[in-house]
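Note that the coordinates shown come from a computational prediction; the quantities given were computed from them, not determined experimentally. Indexing begins at 1, ligand by ligand and atom by atom, following the structure's order.
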Amino acid sequence: MSRIYNFSAGPAMLPEDVLKQAASELLDWRGSGMSVMEMSHRGKEFVSIAETAEADLREIMNIPNNYKVLFLQGGATSQFAMAPMNLLRGKNTADYINTGQWSKKAIVEAKRYCNVNVVATSEASKFSTIPPVSEWKLNPEAAYLHYTPNETIGGVEFHFIPEAGNVPLVVDMSSTILSRPVEVSKFGVIYAGAQKNIGPAGLTIVIIREDLIGEAIPETPLMFTYKTHAESGSMYNTPPTYAWYISGLVFEWIKKKGGLQAMAEINKRKADKLYAAIDGSNFYKNPVDPACRSWMNVPFTLAIPELDSKFLDEAKKAGLVALKGHRSVGGMRASIYNAMPEEGVDKLISFMQEFEKKKS
Ligand SMILES: *Cc1c(COP(=O)(O)O)cnc(C)c1O
């Protein structure tokens, strides 16, 4: 068996140690005689798995006690609706920063529930930057300020936390959560689909300050109400048990590796060397403003786009897969989340340099 380096944006690579442990426990979880997939979510075995996962995530992210951690389904996309449904709290307007495709989708959904004030947009520059803070038109009466700390498709990342006074920050952290330490207390709500940097698809994590829970629009379905899940320990209905378990193994793996500080150091090194290779060549190009380049998703184009498919074919033969850029932007994209080993990035860089030598 040989594992390849998978640069997919999501579902993405998982740490090999985690997959091996899951394999060894697949038929019989720690003497229980069952697979985690076969367990009642209310049985003592799964409850211990769930509680350990939450405790480990709280420890890794240093989540304050006045925040609830919810383990939900529906993906980040469901949060585009759950955020306005739950967080307007009697107000009728919310602030959104538009930095790319995921911000846009969040805005489209929010418009169904409230007036959306687009504080700033980088659409005119094809989402290659974050508009300067001095030009933002924040509304101090907004119910919340929503933004996307890392735009997975465009490869644009906020390397700072915006200041919005008393307006709670609500963020779609799907593709950057766990990539580095963050000060959770600066946020009202952090949400993330698991399949980028947490675990398998099917799990969505929501970290929410307690005082923001409980004022959903009255018609909100119970399943779409944060209060429902907060009051039931995310077990109002059957949660995505296996994805929760695997995510728990990933949290343990992060702890063993030295936590988010250690992740940040490796991630920064991986990203820095890939951008340096791109910038140092006359053949590859990254279109993003260097001040807001993503550590996690690195889009790049070839000087001769006709060579795109050859690049992808040869990369695949070299064990480097899923480098094709998103259909909306073309070119290439290397997603290099926590689970992508540094050797995978090194191998990609060598491959790119050799390809350039042969083809240009
Ligand atoms: C992948 C992604 C989404 C969509 O997530 P789903 O879990 O498929 O709903 C939303 N936002 C960002 C930033 C993403 O990377």
Side-chain angles (χ1 to χ4, degrees), residues 6-14 70-86 96-112 116 121-123 127-128 130 144-159 161-162 169-180 182 187 189-207 223-224 226 229 234 239-240 242-244 246-247 250 267 271 288 292-299 322 324-329 333-340:
N6 173 7
F7 293 88
S8 168
M13 279 185 91
L14 285 166
L70 311 179
F71 292 79
L72 309 181
Q73 305 189 49
T77 306
S78 294
Q79 296 306 312
F80 296 165
M82 278 181 81
M85 289 169 117
N86 285 269
Y96 278 72
I97 304 173
N98 183 11
T99 52
Q101 304 302 335
W102 292 116
S103 298
K104 268 176 87 167
K105 282 198 162 175
I107 289 168
V108 166
E109 191 73 326
K111 279 184 176 165
R112 293 157 51 84
V116 169
T121 174
S122 53
E123 191 151 17
F127 295 126
S128 59
I130 293 167
Y144 58 87
L145 167 61
H146 181 282
Y147 73 101
T148 311
N150 185 65
E151 287 282 357
T152 321
I153 295 171
V156 170
E157 184 155 17
F158 284 75
H159 295 291
I161 299 175
L169 297 179
V170 175
V171 294
D172 174 2
M173 236 185 234
S174 295
S175 52
T176 187
I177 192 168
L178 305 181
S179 69
R180 71 190 79 186
V182 287
F187 300 94
V189 176
I190 294 171
Y191 64 85
Q195 70 274 21
K196 306 328 185 350
N197 211 16
I198 299 174
L203 173 70
T204 309
I205 290 198
V206 176
I207 301 167
M223 272 300 285
F224 269 62
Y226 290 134
H229 301 290
S234 306
Y242 200 74
W244 192 334
I246 298 284
S247 300
V250 172
N267 287 329
V288 179
C292 38
R293 282 174 163 179
S294 169
W295 288 8
M296 299 278 101
N297 311 97
V298 182
K324 193 172 163 56
H326 190 269
R327 57 189 186 279
S328 65
V329 290
R333 172 177 51 170
S335 295
I336 50 175
Y337 303 115
N338 289 348
M340 171 59 67

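Scored by the side chain to side chain donor-acceptor pair (under 3.5 Å) test, N267 finds K270, N338 as partners (sequence neighbours excluded). Qualifying side chain to side chain donor-acceptor pair (under 3.5 Å) partners for Q73, counting only residues two or more places apart in sequence or in other chains: none. Residues that satisfy the salt bridge (charged side-chain N to carboxylate O under 4.0 Å, His left out) test with R333, not counting sequence neighbours, are absent from this structure.
Residues Y337 and F7 keep their aromatic ring centres 6.0 Å or farther apart.
Protein residues lining ligand 1, listed by chain and number: G75, A76, T77, F80, W102, T148, N150, T152, D172, S174, S175, Q195, K196 [non-hydrogen atoms, distance under 4.0 Å].
Of the possible donor and acceptor atoms, none in the side chain of T148 sits under 3.5 Å from a partner among the backbone N and O of N150.
By the 30° and 60° cut-offs, the orientation of the rings of Y147 relative to F158 is tilted.
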